[in-house]
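Beneath this line is the structure, given in structure tokens, with notes to follow.
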Amino acid sequence: MGNIAFPNLAGEIAKRGIKKSAISSALGISGKALHNKMSGKTPFTWPEVCSINERFFPDKCKDELFTRVDKEQSTV
């Protein structure tokens, strides 16, 4: 699955067919910056969390979308 720190967010993006470029554009950041945030290398800011939630997933809870899964927890 690669390095995805926010699987719920990634899943909803895929399920709804939202282009990551649309999200990065809405946030005013580069695609690479969004990738770094999705992989957990850099944190999402609270305004970014709110913007993603309001623009793309108004029917979803922020806590659910941005539940973080760290690599240490996912070893089975």
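Side chains are part of it too, since the values below use all heavy atoms of this structure and drop only hydrogens, waters and symmetry mates.
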Smallest heavy-atom separation, Ala33 atom then Thr42 atom, equals O-OG1, 4.3 Å

Is a donor on one side and an acceptor on the other found under 3.5 Å between the side chain of Lys37 and the backbone of Pro43?
yes

Would you compute the distance between atom SG of Cys61 and atom CG of Asn53 and round it to the nearest 0.5 angstrom?
7.5 Å

State, to 0.1 Å, how close Arg68 and Gly40 come at their nearest heavy-atom pair, and which atoms those are.
NH2-O, 3.5 Å

Going through the distances and angles, do Phe57 and Asn8 end up as a side chain to side chain contact (heavy atoms under 4.5 Å, CB included)?
CA-CA 11 Å; Phe57 308 103; Asn8 294 345; over 6 Å; no

Taking every non-hydrogen atom, the tightest pair across Phe56 and Ala22
CZ-O, 3.7 Å

Should Ile4 and Ser39 be marked as a side chain to side chain contact (heavy atoms under 4.5 Å, CB included) after you check the CA-CA gap, both sets of side-chain angles, and the distance that decides it?
CA-CA 5 Å; Ile4 297 177; Ser39 65; over 6 Å; no

Counting only heavy atoms not in Lys62, do more than 12 sit closer than 6.0 Å to its NZ atom?
yes

I need the minimum non-hydrogen distance between Glu12 and Leu65, along with the two atoms involved.
CG-CD2, 3.9 Å

Test item: Leu9 and Lys60 side chains (from C-beta on) under 4.5 Å apart, heavy atoms:
no

Candidate pair Thr67 and Phe6, rule side chain to side chain contact (heavy atoms under 4.5 Å, CB included), full reasoning:
CA-CA 6 Å; Thr67 296; Phe6 301 95; over 6 Å; no

Just how far is it from atom NE2 of His35 to atom OG of Ser30, taken to the nearest 0.5 Å?
11.0 Å

Which atoms form the tightest heavy-atom contact between Leu34 and Lys20, and what is the distance?
CD2-O, 3.4 Å

Side chain to side chain contact (heavy atoms under 4.5 Å, CB included) between Ile52 and Phe44: does it pass, once the steps are laid out?
CA-CA 10 Å; Ile52 290 170; Phe44 280 100; 3.7 Å; yes

Sub-3.5 Å donor-acceptor pair from the side chain of Glu48 to the main-chain atoms of Thr45, do we have one?
yes

Would you say Asn36's side chain and Lys41's backbone share a donor-acceptor pair under 3.5 angstrom?
no

